[in-house]
A.B. asks: 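My questions will all concern the structure given below.
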2 protein chains.
Amino acid sequence: MVKRIINSGILENGPKMRDVADLAGVSQATVSYVLNAKSSTRISPETRRRVLDAADTLSYRPNAIARAMVSGKSKIIGTYQPHEGKSVLAGFWTNSVIRGISEALHSQQFHLLLYGYRESEEPSLSAFMDGRVDGLIVLAPHKTDALPRQLAMSGFPTAIISGVGYDDTDAISVDADNVQGARLAMDHLVDLGHSQIALLAGPVGVPNAEDRRKGYELAVQEHNLPVPQSYRIQSGFSREQGEEAAIAALNLNPRPTALLAPNDISALGVLNACAIRGLRVPDDVSVIGFDNVPYCELCTPRLTTIAQPAIEMGRGAAEMMLSLISDELFPEKNRKYPLELIIRESTASPLIK
Amino acid sequence: MVKRIINSGILENGPKMRDVADLAGVSQATVSYVLNAKSSTRISPETRRRVLDAADTLSYRPNAIARAMVSGKSKIIGTYQPHEGKSVLAGFWTNSVIRGISEALHSQQFHLLLYGYRESEEPSLSAFMDGRVDGLIVLAPHKTDALPRQLAMSGFPTAIISGVGYDDTDAISVDADNVQGARLAMDHLVDLGHSQIALLAGPVGVPNAEDRRKGYELAVQEHNLPVPQSYRIQSGFSREQGEEAAIAALNLNPRPTALLAPNDISALGVLNACAIRGLRVPDDVSVIGFDNVPYCELCTPRLTTIAQPAIEMGRGAAEMMLSLISDELFPEKNRKYPLELIIRESTASPLIK
DNA sequence: TTGAAAGCGCTAACAA
DNA sequence: TTGTTAGCGCTTTCAA
């Protein structure tokens, strides 16, 4: 009974286009014309006024579902992150990306549906193709994930953020240029006068980490740096792994004057390792992270890092998606965003020995 | 033209119930009966098989919009955070809450729509009442926000997380018990043997902060602690404010042996202040924060804190919302969640002087 | 146990 | 410039 009250009270008894038409003394179609203001259908100012007044009086609000029904478009874009739980970034990145997506969608009267499948679930293709969303943005899929590829192949509007697109489909992709980002970090260190720069490499098989390693190697070649093979230290994304790798690095001879961590979280471990070893950052050793998580501003010393323009990436992907589904002009298919160096306190020129 | 391909290819040319019916040689209504498996309508096993086979063959997927159209329910719940940008927590809390909501909705085949209005925009009531969502969960509204109250008053299913409900409406509310949380922190310190405990109070007018202060005062009374008025230090949520207030606190005479920070971020400033003053944490001074942000695990020493069960709160609110709109049983209206003490490394017994 | 038919609230031909 | 009408894909009476 309470149910009845709620339902009929609001959802079912709100004014409909019919009611507005009756009050304005016009046909229902006319109300539709006025409200949609198509340039092709001309309505007399007088009629238009009456309709708008009536709509206003009744606080009429067009029903989005009915519109979606006839147009075949819901004006909702879905978002799905297959490996959300695994993220070491504790959602920082996702947060920013979603914010960017949301901004872009919203500015075009689109809405954002968050699909929250747990990692163990593996939703089916059709879960996304029931008409509820006009397109899907997949966040950070693995290369081996079948779903985004299948979706794209079946012609469903698909976008990928942080991952590569598929040449044989219309899928859109947006990614950060981690190779360039690592070079940025290296250039900064070299500019400061460092040449003994060690790489703490992230997990193997993770594209981000591999690209960062690639950027390191390129910079080493380009600047002709005298780094021994031992300067490449296998590490991981966690704080503990960063600390461990840093301790190994700091035992090297000659001792590196700068450490390039695979991400910010592990860089915190690096800072800790330095403290334990009694080395000052940045005086004795410079440290650079990746990602620009909020911690960078909160730790001591504040961390110099390479930032991914996550909000812009989200916004960009959403804009490309909207352009794809509206097809006013065919969008670029793949976009790479440059990373940005953010200089804080953990890098400085090496002390002259 | 590409547009046509995309649209008609997928959204418009997918198999419909009609097609399944034709293939199975039954009426469309029968397909509907089979697919919805209502206990009231009995279908012969033979027919059911044929229908299911046909649906399978065609990879038929019911159109969610059409269903929403006739049922008047979209099976989507909206989420809206009026003051998202202001959050000092950089989205940690929001993240967890959303995750909880998402889990609960998902387990009942509901979906989550994220409304991303920017703070400056002030969406209108009707923006939420266009049939797209069956209810709205408002995150951390201010007491002065008119929107959630109006929504609730007009009978729209509304839930509030971290905020008080409205007695004169059906609105649901879920909140954390910060008074109890602060007492938890105090009890812990007292148990460790502290009596000189200073409060770094959060911003005035913020309910969270005021409740934490209240809990402090209650504990002071209850344990009969000898804390002078000067032990209540006005502070704020930022790291800088925490550092500043801690410096003031550490100059007090007698010097507090423990500091209760208004949140984790400011507690990081407190840790820093201690370091600057050459005081060891927890040996010379114990520090407790609030919120259990990921930083707590990353700083040195790792921070003892009071955690809000944000995921559970999100889940709880969503469950109450679903129960409200389905009305199987009338839900409780307001729920308070207890906070939890998480002991890490920043608290210990005071050294005997 | 099944089918025919009405209709959810709206848009968009087509007519007038 | 406006009205009539036919659906959009589905659920659900009501009849058979």
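Order of the sequence lines sets the chain letters (A, B, ...), proteins ahead of strands, with each chain counted from 1. Just the heavy atoms: all of them, side chains too, but no hydrogens, waters or symmetry mates, feed the values below.
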A.B. asks: Please confirm whether the backbone N or O of B/Ile311 pairs with a side-chain atom of B/Ser96, one donor and one acceptor, at under 3.5 Å?
C.D. replies: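 Here the side-chain-to-backbone pair does not exist.
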
A.B. asks: For DNA chain D, what residues of residues 21-28 of chain A have any heavy atom nearer than 4.0 Å?
C.D. replies: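 Listed by number, they are A/Val26, A/Ser27.
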
A.B. asks: Charged N to carboxylate O below 4.0 Å: is that the case for A/Glu46 and A/Arg50?
C.D. replies: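 Yes.
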
A.B. asks: Between A/Lys333 and A/Thr169 (side chain of the first, backbone of the second, donor and acceptor by atom type, cut-off under 3.5 Å), is there such a pair?
C.D. replies: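 Confirmed, A/Lys333 side chain pairs with A/Thr169 backbone.
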
A.B. asks: Of the candidate nucleotides C/dC10, D/dT1, D/dC10, which contains the atom at the shortest distance from the side chain of B/Tyr60?
C.D. replies: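 Comparing C/dC10, D/dT1, D/dC10 against the side chain of B/Tyr60, the answer is D/dC10.
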
A.B. asks: Hey, is the main chain of B/Gln150 close enough, under 3.5 Å, to the side chain of B/Ser154 for a donor-acceptor pair?
C.D. replies: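 Flag set: sc B/Ser154 to bb B/Gln150 pair under 3.5 Å.
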
A.B. asks: How far does the helix from C/dT1-D/dA16 to C/dA16-D/dT1 bend, going by the axes of its first and last five pairs, to the nearest 10°?
C.D. replies: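 One end axis against the other gives 40°.
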
A.B. asks: To the nearest angstrom, how far is B/Leu58 atom CG from D/dG9 atom C1'?
C.D. replies: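 Result: 15 Å.
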
A.B. asks: Distance check: side-chain N/O of B/Arg67 vs OP1/OP2 of D/dT11, anything under 4.0 Å?
C.D. replies: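 B/Arg67 to D/dT11 OP1/OP2: side-chain N or O found under 4.0 Å.
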
A.B. asks: Ignoring hydrogens and angles, tell me if any N or O in the side chain of B/Asn36 forms a donor-acceptor pair with the backbone of B/Tyr33 under 3.5 Å.
C.D. replies: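 Checking the backbone N and O of B/Tyr33 against the side chain of B/Asn36, no donor-acceptor pair under 3.5 Å is found.
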
A.B. asks: Please report the distance, rounded to the nearest Å, between CG in A/Asp130 and C1' in D/dC10.
C.D. replies: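 Atom CG in A/Asp130 sits about 13 Å away from atom C1' in D/dC10.
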
A.B. asks: Considering just the side-chain nitrogens and oxygens of B/Ser32, establish if one lies under 4.0 Å of OP1 or OP2 belonging to D/dT11.
C.D. replies: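 Yes, such a contact exists.
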
A.B. asks: Measure CD1/A/Ile65 against P/C/dG9 and give the value in whole Å, please.
C.D. replies: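 In whole Å, C/dG9 P and A/Ile65 CD1 are 12 Å from each other.
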
A.B. asks: Any side-chain heavy atom of A/Leu324 sitting closer than 4.5 Å to one from A/Leu322?
C.D. replies: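 No; the side chains remain at least 4.5 Å from each other.
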
A.B. asks: To the nearest Å, how far apart are B/Arg18 CZ and D/dG7 P?
C.D. replies: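 In whole Å, D/dG7 P and B/Arg18 CZ are 14 Å from each other.
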
A.B. asks: For B/Ala29 and for A/Met69, find the nucleotide of DNA chain C with the closest heavy atom, then tell me which residue's nucleotide is more 5'.
C.D. replies: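 This one resolves to B/Ala29.
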
A.B. asks: Give a yes-or-no answer on whether the side chains of A/Thr94 and A/Glu84 include a donor-acceptor pair shorter than 3.5 Å.
C.D. replies: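 No donor-acceptor contact under 3.5 Å links the two side chains.
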
A.B. asks: Using atom NZ of B/Lys16 as one end and atom P of D/dG7 as the other, report the distance to the nearest whole Å.
C.D. replies: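 Answer to the nearest Å: 15 Å.
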
A.B. asks: Tell me the interatomic distance from B/Met129, atom CE, to C/dG9, atom C1', rounded to whole angstroms.
C.D. replies: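 For the pair B/Met129 CE and C/dG9 C1', the rounded distance is 16 Å.
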
A.B. asks: Do any side-chain nitrogens or oxygens of B/Thr47 fall under 4.0 Å of OP1 or OP2 in C/dT1?
C.D. replies: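 No, no such contact exists.
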
A.B. asks: Heavy-atom distance under 4.5 Å between the side chains of A/Tyr166 and A/Thr158, does that happen here?
C.D. replies: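 Sidechains of A/Thr158 and A/Tyr166: no contact.
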
A.B. asks: Below 30° counts as parallel, above 60° as perpendicular, anything between as tilted: where do the rings of A/Phe128 and A/Tyr80 land?
C.D. replies: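 Ring orientation, 0 to 90° scale: tilted.
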
A.B. asks: Got a list of protein N/O to nucleotides 14-16 of chain D N/O distances below 3.5 Å?
C.D. replies:
none

A.B. asks: Quick one: is B/Asn36 getting a side-chain N or O under 4.0 Å of the D/dT11 phosphate, OP1 or OP2?
C.D. replies: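 True: B/Asn36 side-chain N/O within range (under 4.0 Å) of D/dT11 OP1/OP2.
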
A.B. asks: Establish, from distance only, whether the side-chain atoms of A/Asp53 and A/Thr57 form a donor-acceptor pair under 3.5 Å.
C.D. replies: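 Absent: no donor and acceptor within the cut-off.
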
A.B. asks: Report the distance from atom CE of A/Met17 to atom C1' of C/dC10, rounded to the nearest whole Å.
C.D. replies: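 Rounding to the nearest Å, CE of A/Met17 and C1' of C/dC10 are 6 Å apart.
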
A.B. asks: Quiz question: by atom type and distance under 3.5 Å, do the side chains of B/Ser126 and B/Asp130 form a donor-acceptor pair?
C.D. replies: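 On atom types as modelled, these side chains do not qualify, holding no pair under 3.5 Å.
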
A.B. asks: Rounded off to whole Å, could you give me the CZ-to-C1' distance for the B/Arg48 and C/dT2 pair?
C.D. replies: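 B/Arg48 atom CZ is separated from C/dT2 atom C1' by 14 Å.
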
A.B. asks: Taking only side-chain N and O atoms of B/Ser71, does any of them lie within less than 4.0 angstrom of OP1 or OP2 on C/dC8?
C.D. replies: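 Result: no.
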
A.B. asks: Between B/Asp168 and B/Arg149, is there a salt bridge with N-O shorter than 4.0 Å?
C.D. replies: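 The answer is yes: the pair qualifies as a salt bridge.
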
